Amino acid sequence: MNQEQVIKISHLSKTFGKNVVLKDIDFSVSTGDVTCIIGASGSGKSTLLRCLNLLETPTTGEILYHDRDIANLHKEAAAYRAKVGMVFQSFNLFNNMTVLGNCMVGQIKVLKKKKEEARASALAFLEKVGMAPYINAKPRQLSGGQKQRVAIARALAMEPELLLFDEPTSALDPQMVGEVLDVMKQLAKEGLTMIIVTHEMAFARDVASHVVFMADGIIEEEGDPAQIFSNPQNYKTKEFLSRFMRG
Amino acid sequence: MPQDFFGRIVYILNRNGMSYINGAINTMIIAVVGTFIGCLIGFAVGIVQTIPLEKKDKLFKKIILRIVWFVLGAYVEVFRGTPMMAQAMFIYFGSSVVFHINMSMWFAAFFIVSINTGAYMAETVRGGILSIDPGQTEGAKAIGMTHVQTMLYVILPQALRNIMPQIGNNLIINIKDTCVLSTIGIVELFYATNGVAGALYTYFEAFTVAMVVYFALTFACSRLLRFWEKKMDGSDNYDLATTDTLAHTSGLYSYTGNRDKEEA
Ligand SMILES: Nc1ncnc2c1ncn2[C@@H]1O[C@H](COP(=O)(O)OP(=O)(O)OP(=O)(O)O)[C@@H](O)[C@H]1O
Ligand SMILES: [Mg+2]
């Protein structure tokens with residue numbers, strides 16, 4: 001396969017004060033991979049994603065982005081983040097802008113695109129997530145599912161090489177979860193490289209090309225979804241999944 | 001001079017109307033310019049005070065920033081903690097005696113009101129910036145914005161909107177407080193009224209007029225700013241843009257809770 005490695009993490013650790021949240025994490029992602037990270041609350045999934053996006057600075061270890069260590073980037077962190085998008089549990093849409101403005105501002109200010117060009121591409125991505133009719137709405141006028149779809153369009157409009165999702169459906173009412181997951185499934189089909197932290201096990205099983213199970217800051221088990229979900233090796237994985245399947 | 005109250009007021013208005021108008025104009029010029037420059041100072045100070053310091057930053061930057069923060073903090077505390085009237089005397093007379101600088105009276109007036117408003121606004125702006133949901137900053141960072149871009153396009157517009165009521169408050173306080181500048185000889189509304197009252201010995205009537213004028217000015221300003229706030233908020237509705245114009249003509253929908261399946 002001619003898959004190129006996008007991100008390779010080795011020996012990554014993160015401590016907050018005395019609290020060791022990530023311990024010696026190793027894993028890698030290649031182009032086209034859809035990696036789902038699962039695990040109990042507090043196991044460090046968000047922290048791992050935030051380290052990948054440099055929203056948190058890793059305490060030790062390296063993050064290789066195309067073979068270049070970016071863990072301690074300072075000045076260039078912004079340029080790196082423009083290539084690695086992130087979708088948050090709480091949407092984080094810009095409240096002072098319309099839906100269209102949200103999807104244009106990064107293209108204009110960060111990618112330095114012309115206004116018309118940015119508008120056209122914003123419209124195309126909004127169309128893709130089914131939010132084109134709402135370009136003039138402000139975030140406060142939208143439902144949760146709509147906000148999250150706009151947030152996805154905003155991230156896509158930057159044409160990222162890798163898109164990180166941190167529990168994108170956890171803040172949504174059940175009937176809105178589907179609309180967001182459908183968009184993400186579509187993106188997976190198109191070959192976008194994604195790392196998704198999720199509690200939606202059925203989604204992970206269907207969409208992921210690789211599943212990572214975390215517990216207490218450690219990657220306990222990883223592998224392809226069929227293996228993890230039907231034949232987990234680690235007892236912690238078994239326990240976690242059985243608790244989940246029973247509901 | 002007429003003997004009844006209203007007669008005297010009409011008499012004063014006829015005789016001294018122009019002094020009131022000039023006084024009111026001077027009051028408004030100082031209050032508006034002072035508030036405006038004060039806001040600029042307040043924003044500058046508040047923005048500098050909220051620059052994030054990270055562990056990775058260079059030692060030089062850390063030291064410089066800490067010194068600047070200390071100086072700005074001292075400025076805010078001193079000017080908030082002393083009366084403007086005392087500051088006016090101190091700065092206007094002190095500058096000529098100690099430093100042999102002869103400030104013009106007007107320069108001193110603008111300077112004092114601005115620097116005072118700046119001290120109050122600095123705290124307001126700092127609070128306004130810190131009160132914006134950190135998620136907004138993370139959203140901006142996640143699409144590659146730098147700190148400056150994040151501030152400029154995301155945080156400050158929202159902070160400005162949130163502190164608009166405080167800006168209005170400051171303007172109203174300044175309209176009233178310019179009267180302390182009469183101590184350095186500025187002929188604003190209070191000074192002008194004093195002149196009218198003294199000349200005819202009609203303190204009650206002269207200050208009745210002054211009170212009405214002060215109130216009219218502050219009330220008008222507060223309404224105007226309220227109106228401006230409303231405009232900043234934009235409309236409560238949004239046009240549903242439809243790509244297929246044959247399907248439905250774009251109408252004005254107003255938001256009424258969960259309506260996410262409506263476009264189907
Ligand atoms: N900024 C922080 N300061 C101190 N501790 C933190 C900070 N952020 C996270 N933690 C701690 O790190 C641990 C892991 O948190 P994290 O948010 O990564 O878990 P998670 O796996 O994403 O959980 P969830 O499924 O609930 O989102 C938690 O114990 C949390 O208290
Ligand atoms: Mg989390």
Side-chain angles (χ1 to χ4, degrees), chain A residues 50 53-55 57 72-75 77-88 90-102 105-111 123 127 130-138 140-146 151 154-155 157-158 160 164 173 175-176 179, chain B residues 52 54-58 61 131-162 232-245 247-248 250-264:
Chain A
R50 293 167 60 81
N53 205 12
L54 301 184
L55 286 175
T57 312
N72 291 301
L73 277 190
H74 190 32
K75 282 262 160 56
Y80 165 72
R81 286 199 201 98
K83 293 184 201 145
V84 176
M86 178 129 173
V87 173
F88 301 86
S90 51
F91 326 124
N92 296 348
L93 289 177
F94 305 135
N95 294 327
N96 57 322
M97 298 176 201
T98 61
V99 165
L100 187 61
N102 265 280
V105 65
Q107 298 186 66
I108 295 172
K109 304 300 178 190
V110 177
L111 302 180
L123 283 174
E127 184 80 50
M131 286 301 291
Y134 295 89
I135 50 173
N136 296 321
K138 287 276 184 80
R140 65 183 143 89
Q141 297 163 322
L142 300 177
S143 73
Q146 292 174 325
R154 176 177 73 179
M158 299 300 290
L164 312 173
D173 290 341
Q175 75 267 26
M176 294 171 199
E179 62 186 69
Chain B
E54 289 167 44
K55 275 209 203 98
K56 297 187 272 194
D57 284 321
K58 294 212 179 67
K61 181 182 169 187
S131 73
I132 303 295
D133 171 18
Q136 296 286 306
T137 306
E138 297 202 334
K141 276 185 164 180
I143 57 169
M145 284 197 194
T146 60
H147 174 71
V148 174
Q149 289 172 328
T150 305
M151 282 309 251
L152 224 49
Y153 307 119
V154 178
I155 305 299
L156 288 179
Q158 295 182 48
L160 176 66
R161 170 62 193 89
N162 290 350
M232 280 175 84
D233 285 344
S235 92
D236 284 336
N237 306 313
Y238 55 91
D239 283 311
L240 210 53
T242 49
T243 32
D244 183 1
T245 46
H248 30 186
S250 74
L252 198 64
Y253 289 72
S254 77
Y255 180 65
T256 52
N258 284 343
R259 45 189 300 285
D260 48 307
K261 294 293 177 206
E262 226 172 75
E263 83 262 40

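All values below come from the heavy atoms of this structure, side chains included, with hydrogens, waters and symmetry mates left out. Given the structure is predicted, the values throughout are model-derived calculations rather than measurements. Below, chain A is the first sequence line, B the second, and so on; all start at residue 1.
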Side chain / backbone / both / neither for [X] at chain B, heavy atoms under 4.5 Å:
X       : result
A:Phe94 : both
A:Thr98 : neither
A:Asn95 : both
A:Leu93 : backbone
A:Leu73 : backbone
A:Val87 : neither

Greatest number of heavy atom pairs closer than 4.5 Å to chain B - which of [options]:
options                              : answer
A:Pro160, A:Ala82, A:Ala78, A:Gly145 : A:Ala78
A:Ala137, A:Ala157, A:Gly106         : A:Ala137
A:Lys109, A:Met158, A:Met97, A:Lys83 : A:Lys109

Less than 4.5 Å to any heavy atom of chain A: does that hold for the side chain of B:Gln149, its backbone, both, or neither?
side chain
For the atom pair [atom1] ([X]) and [atom2] ([Y]), what is the distance rounded to the nearest 0.5 Å?
X        : Y        : atom1 : atom2 : value
A:Lys138 : A:Asn96  : NZ    : CG    : 7.5 Å
A:Met86  : B:Ile143 : CE    : CD1   : 13.5 Å
A:Gln141 : A:Asn136 : CD    : CG    : 9.5 Å
A:Leu164 : A:Arg81  : CG    : CZ    : 11.5 Å

In short, A:Arg154 meets B:Gly139 closest at the heavy-atom pair NH2-CA, 3.9 Å
Side chains of A:Phe88 and A:Leu55 in contact at under 4.5 Å (non-hydrogen atoms):
yes
Between the side chain of B:Asp133 and the main-chain N/O of B:Gly135, is any donor-acceptor distance below 3.5 Å?
yes
